Amino acid sequence: MKLIDKKLLDETTEKAKQSSRLRMNYNFHESLDDPINRLINAMEPDTYLRPHRHKNPDKNEIFLLLRGKAALFLFDDDGAISEKRILDPSNGIYGGEIPPDVWHTLIVMESGSVIYEIKQGPFAPLTPENMAPWSPAAEDTEEVKKYMELLKSYL
């Protein structure tokens, strides 16, 4: 049995805090070729999850917030926010399932936030067509900071 407990969340969170990306995952799947990828993703505020979608190959993305608080944003093809939700287990909002071809991102609102994520395998890195063209690339740190502040202003 693979146990998801406070110790695992704490250890993965500490690694996220030390990571330059301010996030760290712990995979439960044995291989990237597994038909179902399962992982926890510990994330800290100011981590940037560039808005993206899962198309070609089409994949659903399911995640449950195990602890912490995060804002989930969905966008239309032009980058306008079509839906937003605050994920907060203490308020009864635990996660979401994102269908293929839907632009989305998360903004982490509390230190120590951890999601459990499930995606269809095998693992396929996101191709450029799956990165939102209206959002800044992760390397453009000044634009990322402005973009994240813009998204936070909608909360």
Side-chain angles (χ1 to χ4, degrees), residues 1-55 57-75 81 83-128 130-132 135-141 144-145 147-149 151-152 154-155:
M1 174 171 64
K2 297 176 181 179
L3 194 60
I4 301 171
D5 60 7
K6 184 179 183 313
K7 180 180 181 226
L8 177 62
L9 272 55
D10 289 347
E11 288 172 354
T12 310
T13 293
E14 282 308 309
K15 291 178 182 175
K17 289 178 179 180
Q18 301 304 315
S19 167
S20 61
R21 295 173 48 190
L22 295 174
R23 64 181 186 269
M24 183 62 60
N25 63 301
Y26 176 93
N27 294 343
F28 291 96
H29 48 281
E30 300 295 325
S31 162
L32 295 179
D33 292 330
D34 280 7
I36 302 173
N37 293 166
R38 303 149 338 268
L39 58 127
I40 62 169
N41 196 343
M43 302 174 292
E44 289 297 301
D46 295 328
T47 189
Y48 178 55
L49 299 163
R50 186 174 180 184
H52 64 282
R53 64 182 176 184
H54 301 280
K55 179 180 180 179
D58 291 355
K59 295 183 180 199
N60 290 312
E61 183 172 12
I62 302 165
F63 51 86
L64 300 171
L65 189 62
L66 300 177
R67 72 175 181 196
K69 191 175 183 181
L72 169 62
F73 289 88
L74 304 182
F75 306 91
I81 297 169
E83 192 171 348
K84 66 180 182 294
R85 293 278 190 260
I86 302 297
L87 306 179
D88 183 352
S90 67
N91 285 328
I93 307 294
Y94 302 100
E97 179 172 341
I98 311 299
D101 199 22
V102 173
W103 300 107
H104 61 281
T105 192
L106 285 171
I107 296 288
V108 178
M109 300 171 71
E110 277 185 10
S111 182
S113 294
V114 181
I115 61 171
Y116 181 78
E117 189 173 331
I118 305 164
K119 280 190 251 184
Q120 296 154 297
F123 173 76
L126 290 173
T127 59
N130 284 302
M131 296 297 194
S135 66
E139 304 79 38
D140 191 347
T141 54
V144 164
K145 187 174 181 179
Y147 184 70
M148 289 180 64
E149 288 302 318
L151 290 180
K152 288 176 187 176
Y154 289 103
L155 299 176

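Both backbone and side-chain heavy atoms feed into the values below; hydrogens, waters and symmetry mates do not. Just so it is clear, the model here is predicted, and its values are computed rather than measured. Numbering of residues begins at 1 and proceeds along the displayed sequence.
- Of all non-hydrogen atoms in P89 and Y94, the two that sit nearest each other are O-CE2, 3.6 Å.
- Using a 4.5 Å heavy-atom threshold, the side chains of L155 and I86 count as touching.
- Atom NZ of K17 has more than 12 heavy atoms from other residues, nucleotides or ligands within 6.0 Å.
- By the 6.0 Å contact criterion, NZ on K2 is enclosed, its count of non-hydrogen atoms from other residues, nucleotides or ligands being greater than 12.
- Checked by atom type and distance alone, the side chain of T105 pairs as donor or acceptor with a backbone atom of L49 at under 3.5 Å.
- Atom NZ of K15 has 12 or fewer neighbouring heavy atoms from other residues, nucleotides or ligands inside a 6.0 Å radius.
- Once rounded to the nearest 0.5 Å, the distance linking OG1 of T13 with CE of M43 reads 9.5 Å.
- Taking the charged nitrogens against the carboxylate oxygens, E11 and K7 do have a contact shorter than 4.0 Å, which makes a salt bridge.
- Side-chain atoms of H29 come within 3.5 Å of backbone N or O of R38 as a donor-acceptor pair.
- Note that the CD atom of E117 and the CD1 atom of I40 stand 11.0 Å from one another [nearest 0.5 Å].
- The two atoms that bring N37 and P122 nearest to each other are OD1-C, 4.0 Å, heavy atoms only.
- Identified under the salt bridge (Lys or Arg N to Asp or Glu O under 4.0 Å) test for residues 58-75, with sequence neighbours left out: D10-R67.
- A donor-acceptor distance shorter than 3.5 angstrom exists from the side chain of H104 to the backbone of H52, with no hydrogens or angles considered.
- Taking N91 as the reference, D88 meet the side chain to side chain donor-acceptor pair (under 3.5 Å) condition, with sequence neighbours excluded.
- Of the possible polar contacts, none joining the S111 side chain to the E44 backbone as a donor-acceptor pair under 3.5 Å is found.
- Of the inter-residue distances, the one linking L65 atom CG with I93 atom CD1 reads 11.0 Å to the nearest 0.5 angstrom.
- The CG atom of L66 sits 13.0 Å away from atom NZ of K6, with the distance rounded to the nearest 0.5 Å.
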task: I would like to know whether L3 and L8 meet side-chain contact (heavy atoms from CB on, under 4.5 Å); could you show each step before the answer?
output: CA-CA 8 Å; L3 194 60; L8 177 62; over 6 Å; no
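- Nearest heavy-atom pair, L151 versus F73, reported as atom, atom and distance to 0.1 Å: O-CZ, 3.4 Å.
- By the 4.5 Å heavy-atom criterion applied to side chains, L126 and H54 are counted as neighbours.
- Annotation: the span from I107 atom CD1 to S113 atom OG amounts to 12.0 Å, rounded to 0.5 Å.
- The nearest pair of heavy atoms linking A124 to P57 is CB-CG, 4.2 Å.
- More than 12 heavy-atom neighbours from other residues, nucleotides or ligands sit within 6.0 angstrom of CZ on F28.
- Each of V108, L87, L106, N25 was evaluated against I115; a single residue qualifies, L106, per the side chain to side chain contact (heavy atoms under 4.5 Å, CB included) test.
- Residues that satisfy the side chain to side chain donor-acceptor pair (under 3.5 Å) test with N130, not counting sequence neighbours, are T127.
- Expressed to the nearest 0.5 Å, how far CG of L74 lies from CZ of R85 amounts to 8.5 Å.
- The shortest heavy-atom contact between S135 and Y48 is CB-OH, 3.8 Å.
- Across every non-hydrogen atom of K55 and D101, the tightest pair is CD-OD1, 3.3 Å.
- Side-chain atoms of E97 never come within 3.5 Å of backbone atoms of F63 as a donor-acceptor pair (strictly under, hydrogens ignored).
- Under the 3.5 Å distance criterion, the side-chain polar atoms of R50 are left unmatched by any main-chain donor or acceptor of A138.
- The closest side-chain heavy-atom distance from V114 to T12 is not below 4.5 Å.
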